[in-house]
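Data first, discussion second: the structure below is written as C-alpha coordinates.
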Amino acid sequence: AQSVSQHNHHVILSEAASLELGCNYSYGGTVNLFWYVQYPGQHLQLLLKYFSGDPLVKGIKGFEAEFIKSKFSFNLRKPSVQWSDTAEYFCAVNAVSSGSARQLTFGSGTQLTVLP
Amino acid sequence: KAGVTQTPRYLIKTRGQQVTLSCSPISGHRSVSWYQQTPGQGLQFLFEYFSETQRNKGNFPGRFSGRQFSNSRSEMNVSTLELGDSALYLCASSLGTSSTGELFFGEGSRLTVL
(Lines give C-alpha, C1' and ligand atoms only; values in the text may rest on other atoms or scores of the structure.)
Protein backbone atom coordinates (compact mmCIF):
# COMPACT_ATOMS: atom_id res chain seq x y z
CA ALA A 1 0.00 0.00 0.00
CA GLN A 2 1.17 3.52 -0.68
CA SER A 3 2.18 5.71 2.26
CA VAL A 4 3.54 9.20 2.70
CA SER A 5 5.96 10.46 5.34
CA GLN A 6 6.49 14.03 6.39
CA HIS A 7 9.22 13.95 8.98
CA ASN A 8 9.02 17.59 10.07
CA HIS A 9 5.94 18.07 12.19
CA HIS A 10 6.57 21.69 13.07
CA VAL A 11 8.97 24.11 11.44
CA ILE A 12 9.62 27.61 12.74
CA LEU A 13 11.41 30.14 10.53
CA SER A 14 12.01 33.85 10.44
CA GLU A 15 10.83 35.90 7.49
CA ALA A 16 13.18 35.77 4.49
CA ALA A 17 14.59 32.41 5.56
CA SER A 18 14.63 29.60 3.02
CA LEU A 19 12.23 26.70 3.39
CA GLU A 20 12.46 23.04 2.57
CA LEU A 21 9.81 20.59 3.75
CA GLY A 22 10.50 16.91 3.29
CA CYS A 23 8.13 14.38 1.77
CA ASN A 24 8.87 10.74 1.11
CA TYR A 25 6.53 8.11 -0.24
CA SER A 26 6.61 4.37 -0.46
CA TYR A 27 5.56 2.97 -3.80
CA GLY A 28 7.83 1.58 -6.42
CA GLY A 29 5.79 2.40 -9.46
CA THR A 30 4.46 5.49 -11.15
CA VAL A 31 3.06 8.17 -8.88
CA ASN A 32 1.27 11.49 -9.08
CA LEU A 33 2.45 13.94 -6.43
CA PHE A 34 0.83 16.92 -4.76
CA TRP A 35 1.36 19.55 -2.10
CA TYR A 36 -1.68 21.05 -0.41
CA VAL A 37 -1.74 23.96 2.01
CA GLN A 38 -4.19 24.86 4.76
CA TYR A 39 -3.97 28.46 5.94
CA PRO A 40 -5.40 29.25 9.39
CA GLY A 41 -9.17 29.15 9.27
CA GLN A 42 -9.28 28.21 5.61
CA HIS A 43 -9.88 25.04 3.68
CA LEU A 44 -7.21 22.93 2.07
CA GLN A 45 -6.07 24.08 -1.33
CA LEU A 46 -3.67 22.83 -3.96
CA LEU A 47 -0.20 24.36 -3.96
CA LEU A 48 1.34 22.39 -6.80
CA LYS A 49 1.28 19.02 -8.51
CA TYR A 50 3.51 16.72 -10.51
CA PHE A 51 2.26 14.16 -12.99
CA SER A 52 5.13 13.78 -15.44
CA GLY A 53 7.80 15.74 -17.29
CA ASP A 54 10.15 18.25 -15.67
CA PRO A 55 10.71 17.01 -12.11
CA LEU A 56 10.99 20.58 -10.87
CA VAL A 57 7.49 22.00 -10.64
CA LYS A 58 6.44 25.49 -9.72
CA GLY A 59 3.29 26.32 -7.83
CA ILE A 60 1.52 29.33 -6.47
CA LYS A 61 3.06 31.97 -4.23
CA GLY A 62 6.65 31.19 -5.19
CA PHE A 63 6.65 27.60 -4.03
CA GLU A 64 8.35 24.83 -5.98
CA ALA A 65 8.94 21.13 -5.48
CA GLU A 66 11.40 18.65 -6.90
CA PHE A 67 10.57 15.04 -7.64
CA ILE A 68 13.56 12.76 -7.12
CA LYS A 69 12.45 9.31 -8.17
CA SER A 70 15.56 7.53 -6.86
CA LYS A 71 14.91 8.94 -3.40
CA PHE A 72 11.11 8.57 -3.49
CA SER A 73 10.96 12.21 -2.48
CA PHE A 74 8.98 15.30 -3.40
CA ASN A 75 10.33 18.09 -1.21
CA LEU A 76 8.72 21.50 -1.12
CA ARG A 77 10.90 24.61 -1.27
CA LYS A 78 10.64 28.37 -1.14
CA PRO A 79 13.70 30.62 -1.24
CA SER A 80 12.31 33.31 1.05
CA VAL A 81 9.29 32.78 3.28
CA GLN A 82 6.83 35.42 4.40
CA TRP A 83 4.70 35.69 7.51
CA SER A 84 1.68 34.91 5.33
CA ASP A 85 3.14 31.48 4.56
CA THR A 86 2.26 30.36 8.07
CA ALA A 87 0.08 27.33 7.45
CA GLU A 88 -0.04 23.57 7.53
CA TYR A 89 1.41 21.83 4.50
CA PHE A 90 0.41 18.38 3.34
CA CYS A 91 2.16 16.17 0.83
CA ALA A 92 -0.07 13.74 -1.07
CA VAL A 93 0.54 10.87 -3.44
CA ASN A 94 -1.46 8.52 -5.53
CA ALA A 95 -0.10 5.41 -7.13
CA VAL A 96 -0.75 4.65 -10.76
CA SER A 97 -1.17 0.96 -11.46
CA SER A 98 -2.31 -0.70 -14.65
CA GLY A 99 -3.19 2.66 -16.07
CA SER A 100 -5.48 3.48 -13.19
CA ALA A 101 -4.62 5.67 -10.24
CA ARG A 102 -5.66 4.97 -6.69
CA GLN A 103 -7.00 7.35 -4.11
CA LEU A 104 -4.95 10.29 -2.88
CA THR A 105 -2.95 9.44 0.25
CA PHE A 106 -1.86 12.33 2.47
CA GLY A 107 1.04 12.73 4.84
CA SER A 108 0.51 13.80 8.44
CA GLY A 109 1.30 17.42 7.64
CA THR A 110 3.94 19.96 8.60
CA GLN A 111 2.97 23.07 10.52
CA LEU A 112 5.04 26.02 9.34
CA THR A 113 5.25 29.07 11.56
CA VAL A 114 6.95 32.14 10.12
CA LEU A 115 7.99 34.75 12.65
CA PRO A 116 7.80 38.39 11.55
CA LYS B 1 -18.87 29.44 -8.68
CA ALA B 2 -19.86 28.01 -5.32
CA GLY B 3 -17.33 25.82 -3.55
CA VAL B 4 -17.78 22.55 -1.75
CA THR B 5 -20.41 22.86 0.94
CA GLN B 6 -20.47 20.67 4.00
CA THR B 7 -23.21 20.50 6.59
CA PRO B 8 -23.40 20.65 9.47
CA ARG B 9 -20.23 22.56 10.28
CA TYR B 10 -20.19 21.56 13.93
CA LEU B 11 -21.95 18.86 15.86
CA ILE B 12 -21.76 17.17 19.21
CA LYS B 13 -22.88 13.61 19.76
CA THR B 14 -22.59 11.05 22.51
CA ARG B 15 -21.13 7.58 22.34
CA GLY B 16 -23.37 5.06 20.69
CA GLN B 17 -25.26 7.58 18.59
CA GLN B 18 -25.03 7.81 14.85
CA VAL B 19 -24.35 10.80 12.63
CA THR B 20 -24.89 11.73 9.00
CA LEU B 21 -22.76 14.36 7.28
CA SER B 22 -23.59 15.95 3.98
CA CYS B 23 -21.46 17.26 1.14
CA SER B 24 -22.47 19.22 -1.93
CA PRO B 25 -19.69 19.25 -4.52
CA ILE B 26 -18.85 22.00 -6.93
CA SER B 27 -21.35 22.07 -9.76
CA GLY B 28 -20.25 19.70 -12.51
CA HIS B 29 -17.90 17.70 -10.30
CA ARG B 30 -18.70 14.00 -10.31
CA SER B 31 -16.23 12.73 -7.74
CA VAL B 32 -16.54 13.14 -3.99
CA SER B 33 -13.92 11.95 -1.53
CA TRP B 34 -14.15 11.89 2.25
CA TYR B 35 -11.26 12.25 4.69
CA GLN B 36 -10.95 12.22 8.45
CA GLN B 37 -8.52 14.81 9.81
CA THR B 38 -7.11 14.56 13.32
CA PRO B 39 -4.12 16.35 14.90
CA GLY B 40 -0.91 14.47 14.19
CA GLN B 41 -2.60 11.95 11.88
CA GLY B 42 -3.13 14.19 8.92
CA LEU B 43 -5.87 13.20 6.51
CA GLN B 44 -7.01 9.60 6.54
CA PHE B 45 -8.90 8.50 3.45
CA LEU B 46 -12.39 7.18 4.08
CA PHE B 47 -13.91 6.61 0.65
CA GLU B 48 -14.41 8.04 -2.79
CA TYR B 49 -17.52 8.07 -4.93
CA PHE B 50 -17.70 8.69 -8.63
CA SER B 51 -20.98 8.74 -10.50
CA GLU B 52 -22.80 7.14 -7.56
CA THR B 53 -20.35 4.24 -7.30
CA GLN B 54 -17.86 3.73 -4.51
CA ARG B 55 -14.52 3.76 -6.24
CA ASN B 56 -12.14 3.32 -3.34
CA LYS B 57 -12.42 2.66 0.36
CA GLY B 58 -9.94 3.31 3.14
CA ASN B 59 -9.15 1.24 6.20
CA PHE B 60 -12.01 2.24 8.43
CA PRO B 61 -14.47 -0.09 10.16
CA GLY B 62 -17.85 -0.85 8.69
CA ARG B 63 -19.41 1.71 11.02
CA PHE B 64 -18.31 4.27 8.45
CA SER B 65 -20.38 4.27 5.31
CA GLY B 66 -21.27 6.63 2.53
CA ARG B 67 -23.26 7.10 -0.60
CA GLN B 68 -23.57 9.44 -3.53
CA PHE B 69 -26.75 10.60 -5.17
CA SER B 70 -27.48 11.19 -8.83
CA ASN B 71 -26.86 14.92 -8.40
CA SER B 72 -23.35 14.08 -7.06
CA ARG B 73 -24.21 15.15 -3.53
CA SER B 74 -22.78 12.76 -0.99
CA GLU B 75 -23.45 11.71 2.56
CA MET B 76 -21.37 9.80 5.02
CA ASN B 77 -22.72 8.04 8.05
CA VAL B 78 -21.01 6.89 11.20
CA SER B 79 -22.95 4.51 13.42
CA THR B 80 -22.32 3.56 17.04
CA LEU B 81 -20.06 6.54 17.62
CA GLU B 82 -16.90 6.14 19.67
CA LEU B 83 -14.82 8.82 21.41
CA GLY B 84 -12.08 8.25 18.84
CA ASP B 85 -14.39 9.33 16.05
CA SER B 86 -14.04 12.94 17.17
CA ALA B 87 -12.41 14.64 14.21
CA LEU B 88 -12.79 17.05 11.35
CA TYR B 89 -14.44 15.29 8.43
CA LEU B 90 -13.48 16.75 5.09
CA CYS B 91 -15.20 16.34 1.80
CA ALA B 92 -13.45 17.05 -1.48
CA SER B 93 -14.78 17.10 -5.00
CA SER B 94 -13.10 16.85 -8.36
CA LEU B 95 -14.15 16.95 -11.95
CA GLY B 96 -12.89 13.46 -12.71
CA THR B 97 -11.72 10.91 -10.21
CA SER B 98 -9.54 12.14 -7.37
CA SER B 99 -6.47 10.57 -8.90
CA THR B 100 -6.55 12.61 -12.06
CA GLY B 101 -6.69 16.13 -10.84
CA GLU B 102 -7.04 18.70 -8.18
CA LEU B 103 -9.24 18.12 -5.17
CA PHE B 104 -11.39 21.00 -3.97
CA PHE B 105 -12.03 20.78 -0.26
CA GLY B 106 -14.89 21.98 1.85
CA GLU B 107 -14.40 23.55 5.25
CA GLY B 108 -15.31 20.35 7.01
CA SER B 109 -17.72 19.08 9.60
CA ARG B 110 -16.25 19.04 13.08
CA LEU B 111 -17.63 16.14 15.08
CA THR B 112 -17.19 15.92 18.82
CA VAL B 113 -18.17 12.69 20.53
CA LEU B 114 -18.73 12.88 24.27
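Each chain gets a letter, A, B and so on, in the order its sequence line appears, and its residues count up from 1. Worth saying up front: this structure is predicted, and the values here are computed from it rather than measured.
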Quiz item: Same hydrophobic cluster for B:F50 and B:M76, using side-chain heavy-atom links shorter than 4.5 Å among ILVMFWY?
Solution: no
Quiz item: Roughly how far, to the nearest 0.5 Å, is the OG atom of B:S94 from the CG atom of A:L104?
Solution: 9.5 Å
Self-check item: Neighbourhood of chain A inside residues 105-114 of chain B, taking heavy atoms under 4.5 Å as contact
Solution: B:F105, B:G106, B:E107
Quiz item: Are A:L19 and A:V114 grouped together when hydrophobic residues (ILVMFWY) are joined by side-chain heavy atoms under 4.5 angstrom apart?
Solution: yes
Exercise. Return yes when atom CG of B:N59 has more than 12 non-hydrogen atoms of other residues, nucleotides or ligands closer than 6.0 Å, and no otherwise.
Key: no
Quiz item: In terms of hydrophobic clustering (I, L, V, M, F, W, Y; side-chain heavy atoms under 4.5 Å; direct or indirect links), are B:F45 and B:L21 co-clustered?
Solution: no
Quiz item: So with a 6.0 Å cut-off around CZ of A:R77, is the heavy-atom count from everything else above 12?
Solution: yes
Exercise. Say whether A:L48 and A:Y25 are linked into one hydrophobic cluster, either directly or through other cluster members, by side-chain heavy-atom distances under 4.5 angstrom.
Key: yes
Exercise. Working to the nearest 0.5 Å, report the span between CD of B:Q37 and CD of A:Q38.
Key: 5.0 Å
Practice problem: State plainly whether one hydrophobic cluster holds both B:F104 and B:F47, where clusters connect Ile, Leu, Val, Met, Phe, Trp and Tyr through side-chain heavy atoms under 4.5 angstrom apart. | Solution: no
Quiz prompt | B:L43 versus A:F90, closest heavy-atom pair with distance | solution = CD1-CE2, 3.6 Å
Exercise. Could you tell me whether a side-chain N or O of A:Y36 sits under 3.5 Å from a main-chain N or O of B:L103, the two making a donor and an acceptor?
Key: yes
